[in-house]
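For reference, the structure discussed in these notes is given below.
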Amino acid sequence: MILTVTPNIALDVTYQVGELRRHHSNRVEASRAQAGGKGVNVARVLAQLGREAVVTGLVGGPTGQAVRAELALAGLPDALLPVAAESRRTIAVVDRRAGDVTMLNEAGPEITAEEWAGFVRHYAALLPACSGVVLAGSLPPGVPADAYRPLVELARLHRVPVVLDASGVPLSAALAAGPDLVKPNADELRESTGTADPYRAAQLLRERGAQAVVASLGADGMLAVTGEGCWLARPPERLEGNPTGAGDSAVAALVLGLVDGRPWPERLAEAVALSAATVLSPVAGRFDAAAHRRLLPLVTVGRHGPATGP
Ligand SMILES: O=P(O)(O)OC[C@@]1(O)O[C@H](CO)[C@@H](O)[C@@H]1O
């Protein structure tokens with residue numbers, strides 16, 4: 001099974017409006033609430049691909065119960081750990097006219113030191129049954145900013161391939177533990193390296209310990225900088241819809257590629273196609289299966305530069 005870790009789980013509320021107008025009262029055309037947070041979305045996509053995924057993280061309060069109930073309804077097995085404080089909500093407002101989305105993400109519940117230590121033990125106990133691990137998303141208040149580092153170390157100790165999708169200090173602090181793959185977007189790359197060139201920035205993350213870096217560059221596709229070489233994968237067309245969760249679908253493809261040992265160009269093509277097919281789905285964590293089938297053979301993957309040393 002693939003374990004997805006979402007320390008800051010959420011109830012994701014999506015509102016669709018015809019046109020989002022600031023300083024006005026906006027009428028909601030459609031709304032939906034589902035369990036969310038990046039790792040949850042990854043698990044949902046893995047399940048849609050027919051793979052076994054288990055969700056873990058911290059949940060609390062009535063919002064946490066709603067998260068659990070929705071996961072059960074969706075048939076996603078959970079190994080969540082209860083905490084005292086209430087889980088958060090995120091709000092995504094999808095503007096149909098502009099074809100974009102505005103996110104409002106609550107900070108999340110305050111986690112005590114004991115609760116976090118308990119979670120690390122819980123996670124370590126799950127690892128022997130895992131073929132891959134995804135660590136994803138923001139950390140809730142109270143959890144140390146370098147919390148992903150020991151989680152990467154434990155996965156490596158158990159020889160379980162680990163993908164990290166984080167930003168800022170949580171990403172930087174975990175690099176030295178040698179995650180198999182990190183997946184920043186262009187902004188996160190720039191923020192953690194101070195370098196605007198994604199290729200150079202990805203090389204810097206490798207120099208700091210990441211074994212492979214796959215940077216999502218929005219409509220420009222995905223750049224992989226790995227010990228085996230560098231590739232750029234491009235989508236065949238620019239798609240409009242709800243981009244929430246598109247990066248999580250890419251992570252689902254990348255962890256599968258890692259676990260199954262597929263060649264890099266195949267992994268990247270799948271990541272770009274799944275990510276694009278997710279934009280066409282109204283909610284995060286699901287992809288349009290027909291669009292995925294149509295787009296996959298149309299993704300172009302080319303060598304981008306020389307292989308880089310560790
Ligand atoms: O606040 P975080 O943890 O960084 O991101 C949370 C989140 O916005 O990311 C997902 C999309 O990737 C949403 O489903 C989710 O709620």
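Hydrogens, waters and symmetry mates play no part in the numbers below; they use all other heavy atoms, side chains included. First listed ligand is number 1; within each ligand, the first listed atom is number 1.
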Point to revise | Atoms in ligand 1 flagged as close to Gly137, the criterion being non-hydrogen separation under 4.0 Å | key: 3 (O)

Check your understanding: Backbone, side chain, both or neither: what part of Val40 comes under 4.0 angstrom of ligand 1, heavy atoms only?
Key -> neither

Practice item. Closest by any non-hydrogen atom to atom 9 (O) of ligand 1: pick that one out of Lys38, Gln34, Arg44. Key: Lys38

Study note, to complete from the structure: Ser138 heavy atoms within 4.0 Å reach ligand 1 at atoms 1 (O), 2 (P), 3 (O), 4 (O)

Check your understanding: When only distance counts, is Thr244 in polar contact with ligand 1, meaning an N/O pair under 3.5 Å?
Key -> no

Check your understanding: Which bit of Arg88 gets closer than 4.0 Å to ligand 1, counting heavy atoms only: side chain, backbone, both or neither?
Key -> side chain

Exercise for review: State if Asn8 counts as touching ligand 1 under the rule of any non-hydrogen atom under 4.0 Å.
Suggested key: no

**Study point:** Which segment of Thr90 sits under 4.0 Å of ligand 1 when only heavy atoms are counted
**Key:** side chain

Exercise for review: Check whether the side chains of Thr90 and Asp12 place a donor and an acceptor atom closer than 3.5 Å, and report yes or no.
Suggested key: yes

Revision key, fill the gap. For Asp248, the atoms of ligand 1 under 4.0 Å from one of its heavy atoms are 10 (C), 11 (C), 12 (O)

**Study point:** Heavy atoms of other groups near Phe119 CZ, more than 12 under 6.0 Å
**Key:** yes

Point to revise | Ion pair Glu19/Arg97, N-O distance below 4.0 Å | key: yes

Exercise for review: Provide the number and element of each atom of ligand 1 under 4.0 Å from a heavy atom of Met103.
Suggested key: 8 (O)

Point to revise | Arg89 atom CZ, over 12 foreign heavy atoms within 6.0 Å | key: no

Review point. Are any of the side-chain heavy atoms of Thr63 and Arg88 separated by less than 4.5 Å?
Key: no

Point to revise | Side-chain heavy atoms of Val42 within contact of Ile2, under 4.5 Å | key: no

Exercise for review: Would you tell me whether Asp197 and Thr195 have side-chain atoms, one donor and one acceptor, within less than 3.5 Å of each other?
Suggested key: no

Check your understanding: Is there a nitrogen or oxygen of Asn41 sitting under 3.5 Å from a nitrogen or oxygen of ligand 1?
Key -> yes

Exercise for review: Do me a favour and list the nearest non-hydrogen protein atom to atom 14 (O) of ligand 1 with residue, atom name and distance?
Suggested key: Asp12 OD2, 2.4 Å

Review point. Looking at atom 8 (O) of ligand 1, what's its closest protein heavy atom, distance included?
Key: Asn105 ND2, 3.1 Å

Review point. Within the distance-only criterion (no hydrogens, no angle test), does the side chain of Arg267 pair as donor or acceptor with the backbone N or O of Arg262 below 3.5 angstrom?
Key: yes

Review point. Distance-only, no hydrogens or angles: does the Arg51 side chain make a donor-acceptor pair with backbone N or O of Ala252 under 3.5 Å?
Key: no

Practice item. State if Gly247 counts as touching ligand 1 under the rule of any non-hydrogen atom under 4.0 Å. Key: no

